[in-house]
Amino acid sequence: MIKTHDAPIMVTRSFLPPLEEYVEMLRPIWNSAWLTNMGDYHEELKQQLKTYMKAENLELFVNGHMALELLLQAMELEGEVITTPFTFASTTHAIVRNGLTPVFCDINDKDYTIDAEQIESLITERTCAILPVHVYGNLCDVDRIDDIAKKHNLKVIYDAAHAFGETLDGVGAGSFGDASMFSFHATKVFHSIEGGAVTYRDPALTDRLYQLKNFGITGYESVEYVGANGKMNEFQAAMGLCNLRYMEQVIEKRKKLTERYRERLSGVPGIRLCEENLRVGYNYAYMPVVFDGYGADRDQIFDALKERNIFARKYFYPCVNSYQCYRDQFDINATPVAERIASQVLTLPLYADLEMSVVDEVCDVILDRRNA
Ligand SMILES: *Cc1c(COP(=O)(O)O)cnc(C)c1O
C-alpha cells in the first residue's frame, strides 16, 4: 500500500518562478551592466517588501546571517545577550562573532519560543539585549518581552528568519522590538536564492546599516566603520521580485497541506502539534511534530520515513549550546525544555508543490507506529 519514491522527498523544496519570467527580468541587468551595489532591482524589492511585510523601515542584505551580524554591530551592543539554544546556528554565531556573550534562556513547551517568564532571572548588569527567535513562524510573546525590555532598558532584536509575511493582530511581524532579521534563503517560504532583511524602528539605523553592509564606507574617501560585504546583488533581487508575485499562492498551498497534517495528526495520544494563536496570520513555514510518549520515538519515525525515501528533519537538533564549538561553555541542563523538544521534534515535508498524497503517506507511516 505504501509506495517508495524514486526521487527522495525532502523536508522542503525551493519555490521557483517560471524560468521565462526570471530570464525576462535579466534583460535590464544586461542592458545596464549594473550587477550589484544597490541597483534598481535592489531598490524595487526593498519598496515592495516594505509594503508586503507592513514594515516601516527595511534594509536588504546578501543573506539573513549577515543581516543579523551587521544589525548587532549597528546597534553598538556590549555585554550579554539573552537568547535561546533552540534555534539555527546563525542566531548564536551572530552574537558571538560580535564579541557579545550569549546567555541561554529556556523555551516554552507550547510553541518552542523563548519562555518569557524566565527572562528576568537571567538579567545582570551586563545584559544589553534580548534576542528571541520566532521559531517555526510561531511569534514570541512580544508584549511580555516588550514590558521586560522597557523595565530593564534593554534592546530587543528578533530572529524572524521563519516569520516572513506574518502578522500579529494585523501588524507586520517585523514591527516588534527594536529590530528583526528575516532570511530569504532558498529553503525559506520566500526567497531570493540567498538573501535577508532587517526591519527596524529607529530611522537613525538606516545609514549605519547601509554603510556596514558596504565595508563601512561612508563617503568617497572615508571609511568610518569596520564593516563587511553584506550587499544583495541584482540577480538575487530579481529572483525576490519574481517570487513575491507568487507568495499568496505559495502560502495558500502550504496552508492546505498543513491543515491536512493537523487534521490527521491532532488528538493522537503521544503526538503534539503547536498550539495555534488566533491573533497570528501564519505563513505555514514548517510542520513540526513532537513525539512524547508515542508508540515510536522521534528517531524511529525519522528512520521509518527514510525507508520510504522521505526525509523529515530533526530541526532543531542538537541545541546550539551542545555544538562542539560551544561545548563546555554552557550548562545544557539549564535549558531542559529545549533539550527535550530537540530530542522529540521532527519537521515534516512541507512546500508549495508537495503532493497531498505524500502528506497522507507521511501520516500513514506515523500512525502505523502508534503501537510500535
Ligand atoms: C535560515 C535561518 C537563519 C539564517 O539565514 P540565512 O539567510 O540562511 O543566512 C537564521 N536564523 C534562523 C532561525 C534561520 O532559520
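Both ligands and their constituent atoms are indexed starting at 1 by order of listing.
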Under 4.0 Å, counting heavy atoms only: does E194 come that close to any atom of ligand 1? no
Just checking F164 against Y52, ring centres under 6.0 Å apart? yes
Got F215 and V223 here, is their nearest side-chain heavy-atom distance under 4.5 Å? no
In this structure, are over 12 heavy atoms from other groups packed under 6.0 Å from E120 atom CD? yes
Which segment of Y315 sits under 4.0 Å of ligand 1 when only heavy atoms are counted: side chain
Quick one: look up the protein heavy atom nearest atom 5 (O) of ligand 1 and list residue, atom name and how far away it is. S183 OG, 3.2 Å
Going by heavy atoms in the side chains, are F61 and L209 under 4.5 Å from each other? yes
Give me the nearest non-hydrogen protein atom to atom 15 (O) of ligand 1 as residue plus atom name, then the distance to 0.1 Å. H162 NE2, 2.8 Å
What's the shortest distance from atom 11 (N) of ligand 1 to any protein heavy atom, and which residue and atom give it? D159 OD2, 2.7 Å
Looking only at protein heavy atoms, identify the closest one to atom 8 (O) of ligand 1 and say how far it is in Å. H185 CB, 3.8 Å
Where is the nearest protein heavy atom to atom 2 (C) of ligand 1: which residue, which atom, and how far? K188 NZ, 3.0 Å
Given that the side chain starts at C-beta and the backbone is N, CA, C, O, which of these parts of T187 lies under 4.0 Å from ligand 1, counting heavy atoms, or is it both or neither? neither
For H42 and M38, which heavy atoms make the closest approach, and how far apart are they? CE1-CG, 3.5 Å
